[in-house]
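So that we are looking at the same thing, I have put the structure below in structure tokens.
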Amino acid sequence: MTQSNNQIAPGRCFLEKVRDRLTDEERQLLLVIDPAKLPQHVAIIMDGNGRWAKQRGYLDRIRGHEAGIDSVRTVVRACGELGLRALTLYAFSVENWKRPQREIDALMNLLKRFLREEINELNENNVRLVASGRLHDLGEDVLAELHQTMQATASNSGLVLNLALSYGGRAEIVDAVRKLVADVLESKIRLDDISEHLLSRYLYHPELGDPDLLIRTSGEMRVSNFLLWQIAYTEFYVTSVLWPDFRRADLYRAILDYQRRERRFGGVTEA
Ligand code: FPP
């Protein structure tokens, strides 16, 4: 995988660039990350916002979502600095529409604010925003902000930040199959052409590839309908840290853990 010229190359020279901003602990962790074995695509199930708010005695779960924005900002920046190719964040699932309307409204408002306020930060860090999910389910106001931020960052060549919004793994497969069947009916492809590779081309953002590492915060051992097709051989990392507490050191720990894994993709290790 070659790094684009605009990306900060991972490794010691990257460390030089961020050193002053890091705590001692972050610096120590970063020093032992192997720049040659970085995951290219990281996906995160950002869980535990409600519990974080409760733990702090807040009566409103929304305080947890608000605090979660700082973690989003930190992780996006850290992934960009490491030179990762893509970061997919599970921001709102198809199932999340079942939450109380007040919480949905608060999440949508937070999302709008994030999209509006983050344009400069994303551009400064060469991050391109894309989104995955049943985006037509989102309100027009959210869609307008989303399109504006995607457009404003479209020419960035560093990290791709993929926000999963109104996203469901099964819904993504159903949507892919619908588009594929439409192409069969229009004779653009033949039944015999259908393969895993071809089906994957119909997913929301096939160009991002499968995640190498899936992180879930708050200790839950569930996939929660996230990237079902893409995680066939993804390495899982679950941390008990709640999402609003998740910081650089936690990301670095997840990456170090990933680097200790042996990925065989169903094969065997050569003697
Ligand atoms: C799960 O925590 C989190 C969500 C459903 C939403 C995640 C949203 C954010 C981090 C903020 C907005 C994001 C962006 C990208 C602007 P939970 O509420 O299920 O927590 P709990 O399991 O402790 O109740």
Side-chain angles (χ1 to χ4, degrees), residues 42-80 86-122 125 127-135 137-139 141-150 152-153 159-169 171 205 214-227 238-247 250-251:
V42 172
I44 307 184
I45 301 177
M46 309 181 288
D47 196 14
N49 296 351
R51 274 163 284 168
W52 182 92
K54 199 171 171 197
Q55 270 181 13
R56 274 165 180 70
Y58 297 130
L59 296 177
D60 201 339
R61 300 169 40 77
I62 291 160
R63 295 289 289 269
H65 298 314
E66 285 168 354
I69 297 282
D70 286 337
S71 308
V72 171
R73 206 171 279 127
T74 304
V75 166
V76 171
R77 186 181 271 212
C79 287
L87 170 68
T88 297
L89 297 179
Y90 206 3
F92 195 88
S93 72
V94 276
E95 288 80 18
N96 286 155
W97 293 113
K98 290 187 280 195
R99 293 199 175 198
Q101 193 57 44
R102 190 175 160 276
E103 185 171 345
I104 294 173
D105 291 345
L107 279 166
M108 291 301 146
N109 284 330
L110 275 177
L111 179 62
K112 277 192 291 182
R113 207 169 74 201
F114 173 82
L115 292 167
R116 207 177 310 130
E117 292 176 356
E118 230 48 31
I119 294 183
N120 286 345
E121 166 86 6
L122 295 175
N125 292 294
V127 178
R128 178 163 65 92
L129 180 80
V130 299
S132 291
R134 291 192 165 162
L135 304 181
D137 290 344
L138 301 169
D141 49 344
V142 180
L143 270 181
E145 297 286 356
L146 185 62
H147 283 132
Q148 193 171 337
T149 310
M150 289 197 294
T153 61
L159 179 79
V160 180
L161 169 61
N162 178 27
L163 287 187
L165 297 167
S166 192
Y167 178 87
H205 279 287
L214 170 60
I215 300 171
R216 182 166 189 146
T217 58
S218 91
E220 304 289 348
M221 303 281 187
R222 276 191 299 277
V223 174
S224 298
N225 201 10
F226 192 39
L227 303 174
V238 177
T239 170
S240 58
V241 173
L242 304 177
W243 178 249
D245 290 328
F246 194 88
R247 286 294 175 273
D250 304 297
L251 176 73

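One-based numbering, in listed order, for ligands and for the atoms of each. Every heavy atom of this structure was used, including side-chain atoms; hydrogens, water molecules and symmetry mates were not.
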* **Flag side-chain contact, heavy atom, 4.5 Å: Arg51 against Ser218** => yes

* Asked: Hey, is Phe92 touching ligand 1 through its side chain, its backbone, both or neither, going by heavy atoms under 4.0 Å?
  -> neither

* Of Arg61, Glu103, Arg73, which has the heavy atom at the shortest distance from atom 17 (P) of ligand 1? -> Arg61

* Residue and atom name of the nearest protein heavy atom (relative to atom 1 (C) of ligand 1), distance in Å to one decimal -> Met46 O, 3.3 Å

* Structure fact -> Numbered in order shown, the ligand 1 atoms found under 4.0 Å of a heavy atom of Arg51 are 21 (P), 22 (O), 23 (O)

* To do: Take Arg77 and Thr74 through the side-chain contact (heavy atoms from CB on, under 4.5 Å) test and state the conclusion after the steps.
  => CA-CA 5 Å; Arg77 186 181 271 212; Thr74 304; 6.0 Å; no

* Structure fact -> For Trp243, the atoms of ligand 1 under 4.0 Å from one of its heavy atoms are 10 (C)

* Asked: With side chains defined as the heavy atoms from C-beta onward, is the minimum distance between Leu111 and Leu163 less than 4.5 Å?
  -> yes

* Structure fact -> Note: ligand 1 atoms sitting under 4.0 Å from heavy atoms of Phe114 are 16 (C)

* Asked: Run the salt bridge (Lys or Arg N to Asp or Glu O under 4.0 Å) check on Asp250 and Arg247 step by step: do they pass?
  -> CA-CA 5 Å; Asp250 304 297; Arg247 286 294 175 273; over 6 Å; no

* Shortest protein heavy-atom distance from atom 11 (C) of ligand 1, along with the residue and atom involved -> His65 O, 3.7 Å

* For Leu89, is at least one N or O under 3.5 Å away from an N or O on ligand 1? -> no

* Structure fact -> closest protein heavy atom to atom 15 (C) of ligand 1 is Leu163 CD2, 3.8 Å

* Taking atom 6 (C) of ligand 1 as the reference point, the nearest protein heavy atom with its distance -> Ala91 O, 3.4 Å

* Asked: Considering residues, nucleotides and ligands other than Gln148, do more than 12 of their heavy atoms fall under 6.0 Å from its CD?
  -> no

* Keeping to residues at least two apart or across chains, list the salt bridge (charged side-chain N to carboxylate O under 4.0 Å, His left out) pairs with something in residues 55-64. => Arg56-Asp245, Asp60-Arg102, Arg61-Glu103

* Asked: Applying a 4.0 Å heavy-atom criterion (strictly less than), which segment of Ile69 is in contact with ligand 1: side chain, backbone, both, or neither?
  -> side chain

* Quick one: which ligand 1 atoms are inside 4.0 Å of a heavy atom on Asn96? -> 5 (C)

* Under the side chain to side chain donor-acceptor pair (under 3.5 Å) rule, what do Trp97 and Ser166 come out as? Steps first, then yes or no, please. => CA-CA 8 Å; Trp97 293 113; Ser166 192; 2.9 Å; yes

* Asked: In the protein, which heavy atom is nearest to atom 9 (C) of ligand 1, and how far is it?
  -> Asn49 ND2, 3.7 Å

* Asked: Would you say Gly48 contacts ligand 1, with heavy atoms under 4.0 Å as the rule?
  -> yes

* How does Lys54 reach ligand 1, by side chain, by backbone, by both or by neither, if only non-hydrogen atoms under 4.0 Å count? -> neither

* For the pair Tyr167 and Tyr90, name the ring-plane relationship: parallel under 30°, tilted 30 to 60°, perpendicular over 60°. => perpendicular

* Select one of side chain, backbone, both or neither to describe which atoms of Leu115 lie under 4.0 Å from any atom of ligand 1, heavy atoms only. => neither

* To do: Assess whether side-chain contact (heavy atoms from CB on, under 4.5 Å) is satisfied between Leu146 and Leu165, documenting all intermediate values.
  => CA-CA 10 Å; Leu146 185 62; Leu165 297 167; 4.1 Å; yes

* **Separation between CD1 of Ile69 and CH2 of Trp243, rounded to the nearest 0.5 Å** => 10.0 Å

* Tell me, do Asn125 and Leu159 make a side-chain contact under 4.5 Å, heavy atoms counted? -> no

* Structure fact -> Counting heavy atoms under 4.0 Å, the part of Arg99 that contacts ligand 1 is side chain

